[in-house]
Protein chains: 2
Amino acid sequence: MADFELDPRLATDSVFVADGPLSQVRLMDDTRFPWIVLVPRVSGATEWIELDGNQQRLLLVEVNQAGQLIRAESGVEKLNIGALGNIVRQLHVHLVGRRTGDAAWPGPVWGSGHAERHTPEALAQQIARWRALLGQR
Amino acid sequence: MADFELDPRLATDSVFVADGPLSQVRLMDDTRFPWIVLVPRVSGATEWIELDGNQQRLLLVEVNQAGQLIRAESGVEKLNIGALGNIVRQLHVHLVGRRTGDAAWPGPVWGSGHAERHTPEALAQQIARWRALLGQR
């Protein structure tokens with residue numbers, strides 16, 4: 001896994017929060033939704049089902065941890081989990097908190113409208129907040 | 001799990017193929033994509049992360065099995081996995097085979113256009129084919 005390299009589009013759209021046992025935990029830079037992306041540090045991986053059994057179990061643990069945190073965000077009624085990769089092939093798993101009436105409701109967030117970026121200050125605050133939530137102060 | 005009842009919308013949009021260890025394996029009645037839906041037979045379940053550890057492991061086994069089959073369908077380049085539930089709250093996991101230039105490419109299939117239903121004969125053939133693929137002749 002030494003030659004893991006983050007896809008440039010993921011690098012542009014999201015920011016590093018922490019390293020989990022398998023994945024980079026990244027926050028999408030979009031104020032419309034509480035939205036975490038897990039990017040397994042496995043070079044060349046494109047499909048969840050191509051990970052080996054141990055990697056899949058680690059990813060599932062990470063999905064549970066980040067998913068519970070997203071689910072607990074203010075007003076979130078439903079967790080959306082998605083691994084698509086039609087545009088960015090590098091394996092990444094979306095965890096998105098959905099609220100009735102949010103910018104894409106009730107459709108999927110992917111391909112819906114445009115990201116509303118955080119201000120630099122708000123982004124720094126969010127990163128610090130998610131690190132604390134993940135216990136990685 | 002005795003009182004498991006399938007959501008009426010899932011019952012309308014998809015057909016029963018087989019019972020896995022945890023879930024009903026259902027084929028979406030939409031000729032645009034090879035598309036399987038797993039519906040855990042767990043009464044009241046809405047979130048993957050609310051399943052207990054054993055149920056999650058069983059679901060992951062089912063995702064791997066059905067996902068490999070979808071991935072092997074003719075022309076499929078990418079597997080999309082999604083658990084959304086914004087409209088139908090009953091927990092269900094989508095496994096969709098995607099091809100460059102398909103009806104929703106490169107966007108998500110959810111909320112994109114309208115299902116193109118199989119003819120009754122074609123649907124019966126597909127059900128038989130998926131049963132055979134799943135080893136449940």
Side-chain angles (χ1 to χ4, degrees), chain A residues 9 33 36 38 45-72 76-113, chain B residues 9 33 36 38 45-72 76-113:
Chain A
R9 176 137 178 186
F33 316 99
I36 290 287
L38 301 172
T46 59
E47 301 281 9
W48 183 325
I49 64 171
E50 286 168 1
L51 297 177
D52 69 29
N54 187 49
Q55 290 167 335
Q56 289 198 21
R57 279 186 291 275
L58 290 174
L59 183 52
L60 193 54
V61 168
E62 293 173 337
V63 163
N64 275 274
Q65 186 192 15
Q68 300 286 4
L69 293 172
I70 292 275
R71 194 70 187 70
V76 167
E77 293 163 45
K78 190 67 193 69
L79 176 66
N80 286 182
I81 303 177
L84 287 82
N86 304 331
I87 296 169
V88 171
R89 286 298 165 103
Q90 180 170 57
L91 176 59
H92 58 289
V93 178
H94 299 272
L95 302 166
V96 193
R98 303 303 304 277
R99 303 166 172 125
T100 300
D102 69 25
W105 189 262
V109 298
W110 308 288
S112 171
Chain B
R9 176 137 178 185
F33 317 98
I36 291 286
L38 301 172
T46 60
E47 301 279 9
W48 184 324
I49 64 172
E50 286 168 0
L51 297 178
D52 69 28
N54 187 50
Q55 290 167 336
Q56 289 198 21
R57 279 186 291 276
L58 289 174
L59 183 53
L60 194 55
V61 169
E62 294 173 337
V63 164
N64 275 273
Q65 187 193 15
Q68 299 286 4
L69 293 172
I70 292 275
R71 194 70 187 70
V76 167
E77 293 162 46
K78 191 67 194 68
L79 176 65
N80 287 181
I81 302 176
L84 288 80
N86 304 331
I87 296 168
V88 172
R89 287 298 165 103
Q90 180 171 57
L91 176 60
H92 58 290
V93 178
H94 299 272
L95 301 166
V96 193
R98 303 302 305 274
R99 303 167 172 124
T100 301
D102 70 24
W105 189 262
V109 297
W110 308 287
S112 172

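Everything numeric here is computed off the predicted structure, so don't read it as measured data. Values below: every heavy atom of this structure, side chains too, minus hydrogens, waters and symmetry copies. In what follows, every chain begins at residue 1, and chains take the letters A, B, ... in the order their sequences are listed.
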(request) Output the distance between atom NZ (B:Lys78) and atom CD1 (A:Ile87), rounded to the nearest 0.5 Å. (result) 12.0 Å
(message) For the CZ atom on A:Arg89, are there more than 12 heavy atoms of other groups (residues, nucleotides or ligands in this structure) within a distance under 6.0 Å?
(response) yes
(message) On a heavy-atom basis, which atom in B:Asn86 and which in A:Pro106 lie closest, and how many Å separate them?
(response) ND2-O, 3.2 Å
(message) Would you call the rings of B:Trp48 and A:Trp48 parallel, tilted or perpendicular, taking 30° and 60° as the class edges?
(response) parallel
(message) Please rank B:Gly82, B:Gly107, B:Ala83 by heavy-atom pairs under 4.5 Å with chain A and give me the top one.
(response) B:Ala83
(message) How close do B:Glu47 and A:Arg71 get, counting heavy atoms only, and between which atoms?
(response) OE2-NE, 3.0 Å
(message) Tell me which one of A:Leu95, A:Leu79, A:Ile70 satisfies side-chain contact (heavy atoms from CB on, under 4.5 Å) with B:Ile49.
(response) A:Leu79
(request) May I ask you to name which of A:Gly85, A:Gly111, A:Gly53 has the most heavy-atom pairs under 4.5 Å with chain B? (result) A:Gly85
(message) To the closest 0.5 Å, what do you measure between CD1 (A:Ile81) and NE2 (B:His94)?
(response) 12.0 Å
(message) Given 3.5 Å as the limit, does a donor-acceptor pair link the side chain of B:Gln56 with the main chain of A:Leu60, or not?
(response) no
